[in-house]
Asker: 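One structure, pasted below without further comment.
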Protein chains: 2
Amino acid sequence: MQETLSIGQVAERTGLSVHALRFYEREGILAHPVRRAPGGNRRYTEDDVEWLTLCIVLRASGMPVPSIRRYTELVREGAGNERDRLALLKQHRADVQVQMERLSECLDLINYKVGVYEDILEDVLTEHPCDPMGN
Amino acid sequence: MQETLSIGQVAERTGLSVHALRFYEREGILAHPVRRAPGGNRRYTEDDVEWLTLCIVLRASGMPVPSIRRYTELVREGAGNERDRLALLKQHRADVQVQMERLSECLDLINYKVGVYEDILEDVLTEHPCDPMGN
DNA sequence: GTAGGAGCTAGAGCCGACTCTAGATCAAGC
DNA sequence: GCTTGATCTAGAGTCGGCTCTAGCTCCTAC
């Protein structure tokens, strides 16, 4: 008999809130509909946690919930649609790369600005060693 | 007499909507309160456009509007608070770097998954050259 | 003079992704 | 028996960042 986890335990392990876990389930983002204990409480397996971990990474990298749902549906359908899954993942990979490139460009400008202010502060110190704020 | 730009022209040049431009102004994100033509229409200068360009980069890299407002206020106050501006920019730079590292970690997992599916598809092709989907 | 088009203000609406609430159930410990 | 605490459902609320609407004023061109 494999051990199962309560929603609270899964929340603790994944870092998601119990609210978010129920929300993800409603949104169709669980590979298998969660099993229930007699009484109705959700019982998660290790596989569920592993799947959630992947979903968390996809969300953290900006994949919208509907796309994760689509991917989940493909996995649920079982073997035969690997091409579709691959296409979806590759599309997301490209999106993430674009995000990173954009951030990198932003970083360039921010670095430039930081440099400007560092120069200003250095000049102030050099020219007015006892008056660091230029007043 | 320096030439000025209408809100529509600025929208076109910055890629922001006229709505967003007015929204930014309400949010206190313009270095100088925009000048108005007689009749009340906003007249933007090249400096305004340049400032907006910086704000767009800050937003694109995830700086929340209130932080941009804070930065704007510092700039508006004039010389003397360069240390604060530098601190704010450095904080944001650190945030952007964290974002990029997180994305990079996500990318690793996505790449791994892509690899898994590529292997699966290759095996299928090798073992069943006339039955690429394994059916 | 009148129709179009750009602009104005104040304020409402929207979207995604949660987050929280109310009110009920249930099991365990005192 | 009763409290406590975790869980349940359905549905409402929140938050950030715009986006859109209504109703008005201008200016320009015909």
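Residue numbers begin at 1 in each chain, while the letters A, B, ... track the order of the sequences.
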Asker: With a 4.5 Å limit on heavy-atom distance, are the side chains of A:Arg42 and A:Glu25 in contact?
Answerer: yes
Asker: In the structure I gave you, are the side-chain heavy atoms of A:Tyr24 and A:His19 within less than 4.5 Å of one another anywhere?
Answerer: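 Side chain of A:Tyr24 against side chain of A:His19, heavy atoms only: no contact under 4.5 Å found.
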Asker: Generate the contact string for nucleotides 8-14 of chain D. Rules: B means base contact, S means sugar-phosphate contact only, - means no protein heavy atom under 4.0 Å.
Answerer: SB-----
Asker: Are the side chains of B:Glu27 and B:Arg69 in touch, meaning some heavy atoms are under 4.5 Å apart?
Answerer: yes
Asker: If we only count heavy atoms from C-beta on, is the B:Leu88 to B:Met63 side-chain gap below 4.5 Å?
Answerer: yes
Asker: I'd like to know if A:Glu118 pairs up with A:Lys113 as an ion pair, taking the criterion as any Lys NZ or Arg NE/NH1/NH2 lying under 4.0 Å from an Asp or Glu carboxylate oxygen.
Answerer: no
Asker: Within residues 60-69 of chain B, which residues have any heavy atom lying less than 4.0 Å from an atom of DNA chain D?
Answerer: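 Hits under 4.0 Å, by residue number: B:Pro64, B:Val65, B:Pro66.
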Asker: Atom CG of A:Leu5 and atom P of D:dT7: how far apart are they, to the nearest Å?
Answerer: 11 Å
Asker: Do B:Gln99 and A:Gln99 have side chains that get closer than 4.5 Å, going by heavy atoms?
Answerer: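 The answer is no; the side chains never approach within 4.5 Å.
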Asker: Could you give the CG-to-P distance, from A:Leu21 to D:dA6, as a whole number of Å?
Answerer: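 About 15 Å, once rounded to whole Å.
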Asker: In whole Å, I'd like the distance from the NE2 atom of A:His19 to the P atom of C:dT19.
Answerer: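 Distance, rounded to whole Å: 8 Å.
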Asker: Given atom CD of B:Glu27 and atom P of C:dA10, what is their separation to the nearest angstrom?
Answerer: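 Going from CD in B:Glu27 over to P in C:dA10 covers 14 Å.
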Asker: Given atom CD1 of A:Ile56 and atom P of C:dC18, what is their separation to the nearest angstrom?
Answerer: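 In whole Å, C:dC18 P and A:Ile56 CD1 are 10 Å from each other.
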Asker: Taking only the side-chain heavy atoms of A:Ala20 (C-beta and beyond), determine which of C:dC18, D:dG17, C:dC20 contains the nearest atom.
Answerer: C:dC18
Asker: Could you check whether any side-chain heavy atom of B:Tyr112 comes within less than 4.5 Å of a side-chain heavy atom of B:Leu107, counting everything from C-beta outward?
Answerer: no
Asker: Between B:Val57 and A:Glu105, is there a side-chain heavy-atom distance shorter than 4.5 Å?
Answerer: no
Asker: So, OP1 or OP2 of C:dC18: does either fall under 4.0 Å of a side-chain N or O from A:Tyr24?
Answerer: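 Yes, such a contact exists.
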Asker: Taking for each residue the nucleotide of DNA chain C bearing the nearest heavy atom, is the 5' side occupied by A:Leu16 or by A:Pro38?
Answerer: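 It is A:Leu16 whose nearest nucleotide is closer to the 5' end.
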Asker: State, yes or no, whether a side-chain contact exists between B:Ile29 and B:Tyr71 at a heavy-atom distance under 4.5 Å.
Answerer: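 No, too far: nothing below the 4.5 Å cut-off.
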Asker: B:Ser6 side chain N/O closer than 4.0 Å to the phosphate oxygens (OP1, OP2) of C:dG7?
Answerer: yes
